[in-house]
Amino acid sequence: MSFSAVYIPIGVPTFDLESANKEFEKSIALLKSIDESIKVPDEMLLSIDKLNAFLDDKNPDLLIVQNITFANSAYISEVLRKFEAPVLLWTLREPVIDGKRLRLNSLTGAYSAANALKTFKRPFEYIFGSPQEERVKEKISAVISAAKVKKELKSLNILQVGHTPQGFGFGRALDSEIMTTFGSNLFSIESRELIDSAKSFSDNEIKEYLEDAKTRIKGLDGIDEKNVLDFARLYKAYSNYVKENNIGALSSRCWPDFFVSFGTPVCSVLGILNDLGVSCACEADTYGALSMFIAQKLTDKSVFFGDPVSMDENENTLTFWHCGMAPCSLAREDTGACAGLHCNRKIGPTLEFGCKEEEQVTVFRIGKKADGSFRMFISTGEALDKPKQFFGTTIVVKTNNSAFDILNSSVLAGWEPHFAVAMGDIEDELRALGNMLGIEVESY
């Protein structure tokens, strides 16, 4: 179902309606410039009857409640009684301060509405400012993006392939927790099911997958032919399951199964699937895959997944690395995505490259505290133009805050060792989403 946001300008007719109507028209113009599909009323909702009449046939995923003038808490209470959707409360700046009449009194109305929202125990986002202010546009855009992702999470099918290796239990998810917190469905299968499926394909059946991989990965001809063919078999097996079950995010066990039981790593398959819009994490880290899905939806770009492995105080950088499963589209243009051998197992194909520069990035993870409650990690910076730092795939992030402090404080806070690196600054969107989901946000 399509996303639905509703603009609800509430007020009373005893203030300056000429000023209010000007703000009403400018507000609609702003909202439509952000998302043309936002539903707006034909007139300001200056009575409870008009409010109810407008809301009668609506089924919103986001409520943009604006005090076009002062309105008492009965207005917002009526909205909250009808809907469970997230709320963005918007206060208008007084248009004129001239020692004469108070034109709107929107701010007092905001306090009234916020008090009711807290009484209803409803989380909400808030913005103060006029429709022509860039800060207002950025905030509304971020909240709309977050609400869209929240809705998409409700229809997300996540696939968990195999169990996390011993000592990697931080990535293991329960279907009940995924459903109750994020609204998503969790599928679980054993890695042998996809391995057996891969083994059943003939060389002819995997031809199109092999040809597609050769357009993305350089140097496959230098890898053992049997391994390359078996990689293509895995590519087809994973692709088939994803398509047949409408999978949007996937966490896959990798070592030791695919080296021992199949003889070929799954790394490159996961990298390609990421570029095809299926957010994939290795080492069966389901919360890592979920983090990647959210980041990909907010940026519309492939997401890096890896461990923080190095810190340079002089450059103020953190390097993130993994064995070789980053999306090919992130590779530096001077090298492209190259085929290689796994750094420990010496079996290929894995992916080998350093990531290209990106003006703004966000390091992000959905993790858990010791008590089992969810939390979000957020840190921003830029990805530098750096060659591959270690065997596998790497991205070097120059953080906006002190890399040394980020490293020390995040280790002391007990964060998991896997992070998503999103190509873009999505801190505001993630904060709004965390609020909507009732998840604590920690910024670094």
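Surrounding NZ of Lys207 are at most 12 heavy atoms belonging to other residues, nucleotides or ligands under 6.0 Å away. No more than 12 heavy-atom neighbours from other residues, nucleotides or ligands sit within 6.0 angstrom of CD on Glu359. Within 6.0 Å of atom CG in Asp300, 12 or fewer heavy atoms from other residues, nucleotides or ligands are found, so the atom counts as exposed in its surroundings. The neighbour count for Asp371 CG, taken as heavy atoms of other residues, nucleotides or ligands under 6.0 Å away, is above 12. Other residues, nucleotides and ligands contribute over 12 non-hydrogen atoms within 6.0 Å of the NZ atom of Lys32. Surrounding CZ of Phe391 are at most 12 heavy atoms belonging to other residues, nucleotides or ligands under 6.0 Å away.
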Exercise. With side chain to side chain contact (heavy atoms under 4.5 Å, CB included) as the test, would you mind laying out the steps for Lys58 and Asp56 before giving the verdict?
Key: CA-CA 6 Å; Lys58 304 297 186 295; Asp56 186 53; over 6 Å; no
Quiz item: Asp203 and Arg233: salt bridge (Lys or Arg N to Asp or Glu O under 4.0 Å), yes or no, with the steps?
Solution: CA-CA 8 Å; Asp203 289 356; Arg233 289 183 170 87; 2.3 Å; yes
Quiz prompt | Check against side chain to side chain contact (heavy atoms under 4.5 Å, CB included), Ser268 and Ile217 | solution = CA-CA 9 Å; Ser268 299; Ile217 305 172; 4.2 Å; yes
Practice problem: Run the numbers on Phe170 and Trp415 for ring-ring contact (aromatic ring centres under 6.0 Å, His included), then give the verdict. | Solution: CA-CA 10 Å; Phe170 59 82; Trp415 280 96; over 10 Å; no
Practice problem: Go through Arg253 and Glu190 one step at a time and tell me if the salt bridge (Lys or Arg N to Asp or Glu O under 4.0 Å) criterion holds. | Solution: CA-CA 9 Å; Arg253 186 175 173 94; Glu190 297 296 333; over 6 Å; no
Practice problem: Carefully, step by step, assess Glu78 and Arg81 under the rule salt bridge (Lys or Arg N to Asp or Glu O under 4.0 Å). | Solution: CA-CA 5 Å; Glu78 192 68 17; Arg81 185 178 68 82; 2.5 Å; yes
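Here the closest non-hydrogen pair linking Ala337 and Leu351 is CB-CD2, 4.4 Å. Minimum interatomic distance between Met376 and Leu430 (heavy atoms only, all atoms of both residues): SD-O, 3.6 Å. Nearest heavy-atom pair across Pro265 and Pro349 is CG-O, 3.7 Å. Scanning all heavy atoms of the two residues, the minimum distance from Phe320 to Gly306 falls at CD2-O, 4.2 Å. Closest of all the heavy-atom pairs between Gln389 and Thr394 is N-OG1, 3.1 Å.
Rounded to the nearest 0.5 angstrom, Glu440 CD and Ser373 OG are separated by 7.0 Å. Here the CD atom belonging to Glu134 is positioned 9.0 Å from the CG atom belonging to Leu30, to the nearest 0.5 angstrom. Atom OH in Tyr75 sits 10.5 Å away from atom CG in Asn52 (nearest 0.5 Å). If you take CD1 on Ile206 and CG on Leu234, they are separated by 10.0 Å, rounding to the nearest 0.5 Å. Distance check, rounded to the nearest 0.5 Å: NZ of Lys398 to OG1 of Thr317 gives 9.0 Å.
Put simply, the side chain of Asn408 gets close to the backbone of Phe404: a donor and an acceptor are under 3.5 Å apart. One N or O on the side chain of Ser184 and one on the backbone of Leu153 form a donor-acceptor pair closer than 3.5 Å. Under the 3.5 Å distance criterion, the side-chain polar atoms of Ser155 are matched with a main-chain donor or acceptor of Glu152. Not one N or O on the side chain of Asp307 forms a donor-acceptor pair closer than 3.5 Å with the backbone of Val309. A donor-acceptor pair is defined here as one N or O able to donate and one able to accept, closer than 3.5 Å; such a pair exists between the side chain of Asp275 and the backbone of Ser329. With hydrogens and angles ignored, the 3.5 Å screen pairs no side-chain donor or acceptor of Arg122 with any backbone N or O of Ala116. In this structure a side-chain-to-backbone donor-acceptor pair under 3.5 Å is present from Thr215 to Asp212. A donor-acceptor contact shorter than 3.5 Å is absent between the side chain of Asp428 and the backbone of Ala142.
Salt-bridge check for Lys236 with Glu208: failed, with every basic side-chain N at 4.0 Å or more from each acidic carboxylate O. Salt-bridge annotation for Asp334 and Arg332: present, with a side-chain N of the basic residue lying under 4.0 Å from a carboxylate O of the acidic one. Ion pairing of Lys137 with Glu133 is absent here, as no side-chain N (NZ or NE/NH1/NH2) approaches a carboxylate O to less than 4.0 Å.
Between the side chains of Thr264 and Asn227, at least one donor-acceptor pair of N or O atoms lies under 3.5 Å. A donor atom on one side chain and an acceptor atom on the other are found under 3.5 Å apart for Ser443 and Arg431. Using modelled atom types and a 3.5 Å distance limit, the side chains of Asp35 and Ser37 yield a donor-acceptor pair. Remark: the Ser130 side chain and the Glu23 side chain contain no N/O donor-acceptor pair separated by less than 3.5 Å. Checked by atom type, the side-chain pair Tyr444/Glu442 shows a donor-acceptor distance below 3.5 Å.
For the pair Lys368 and Phe374, the cation-pi test (distance below 6.0 Å, angle within 45°) is passed.
Here the rule is side-chain hydrogen bond (donor to acceptor under 3.5 Å, both in side chains) with Tyr287, and of His418, Glu177, Arg365, Glu416 only Glu177 fits it. In summary, of the residues considered (Asn400, Thr399, Asp425), a side-chain hydrogen bond (donor to acceptor under 3.5 Å, both in side chains) with Thr380 occurs for Asn400 alone. Checking each of Leu270, Asp285, Ile395, Val421 against Phe305 for a side-chain contact (heavy atoms from CB on, under 4.5 Å) leaves exactly one that passes, namely Asp285.
Contacts classified as side-chain hydrogen bond (donor to acceptor under 3.5 Å, both in side chains) and involving residues 343-352 (residues at least two apart or in different chains) are given here: Glu352-Lys388.
For Lys199, there are no side-chain hydrogen bond (donor to acceptor under 3.5 Å, both in side chains) partners at least two apart in sequence or on another chain. In this view, Thr286 and Gln160, Ser251 satisfy the side-chain hydrogen bond (donor to acceptor under 3.5 Å, both in side chains) rule, not counting sequence neighbours. For Thr164, the side-chain hydrogen bond (donor to acceptor under 3.5 Å, both in side chains) partners are Arg172, not counting sequence neighbours. Every residue meeting the side-chain hydrogen bond (donor to acceptor under 3.5 Å, both in side chains) condition with Lys39, not counting sequence neighbours, appears here in chain and number order: Ser4.
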Listing, residues 238-245 side-chain donor-acceptor contacts under 3.5 Å, not counting sequence neighbours, or none:
| residue | atom | partner | partner atom | Å |
| --- | --- | --- | --- | --- |
| Tyr238 | OH | Ser252 | OG | 2.7 |
| Ser239 | OG | Tyr235 | O | 2.7 |
| Asn245 | ND2 | Tyr241 | O | 3.0 |

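A distance of 6.0 Å or more separates the ring centres of Phe377 and Phe364. A centroid separation of 6.0 Å or more is found between the aromatic rings of Tyr209 and Phe231. Between Trp321 and Phe304, the ring center distance fails the sub-6.0 Å criterion.
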